[in-house]
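In what follows, residues are counted from 1 in the order of the sequence shown. Just so it is clear, the values below take in all heavy atoms, side chains as well, and ignore hydrogens, waters and symmetry mates. All ligand and atom numbering here is 1-based and tracks the order in the structure.
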Amino acid sequence: MADRTLFIIKPDAVSRGLVGRIISRFEERGFRILRMRMFTFTRDQAEDFYGVHRDRPFFGELVSFITSGPVVAAEIEGRDAVAAVRLMVGATKSNEAAPGSIRGDYGLGLSENVIHASDSAKSHEHESGVAFGRP
Ligand code: CMP
């Protein structure tokens, strides 16, 4: 089924100059970019974006990392987008991500894991509201 998802290229990848390469992977795989935006998360936006992790011990670290520099958010459309994009992204811990996945090829750590992708249609809706603004 063609559906939509969202990914965020994180500050580590933007500062390392990996934006073009990462976007190319999705284009080459046949996904269509619907909208894209470069911005820096405010603390409030980051806390909202990652709200499901609010009670986790790493929440503070997560918010300070994602607000540390510009990110690129993209909403894309294609077949089985949520599941397919998460497979392309790879495991959360860069050292456990399969070679060939984005984190497996570029990730340097747990915070520095290059990219975030929505894990469901519901999180896509919430996360794109934060990244692009709610109508
Ligand atoms: P992401 O896919 O953006 O979703 C939540 C993020 O939390 C995850 O990628 C990691 O970067 C981060 N994360 C998960 N577990 C930890 C942890 N134990 N310590 C620090 N960051 C973490």
Rounded at 0.5 Å granularity, tell me how far [atom1] in [X] sits from [atom2] in [Y].
| X | Y | atom1 | atom2 | result |
| --- | --- | --- | --- | --- |
| I9 | I102 | CD1 | CD1 | 8.0 Å |
| I66 | T40 | CD1 | OG1 | 10.5 Å |
| F7 | M88 | CZ | CE | 8.5 Å |

The side chain to side chain donor-acceptor pair (under 3.5 Å) partner of R32 among E77, E27, E75 is E77
Self-check item: ligand 1: protein residues within heavy-atom distance under 4.0 Å
Solution: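 Its neighbours under 4.0 Å (heavy atoms only) are K10, Y50, H53, F58, E61, L62, T92, R103, L110, S111, N113, H116, given by chain and number.
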Fill in: Pair R21 + D105, salt bridge at N-O below 4.0 Å
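Answer for the salt bridge query: no.
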- Query: Do side-chain atoms of N113 reach the backbone of G107 as a donor and acceptor pair under 3.5 angstrom?
  - Reply: no
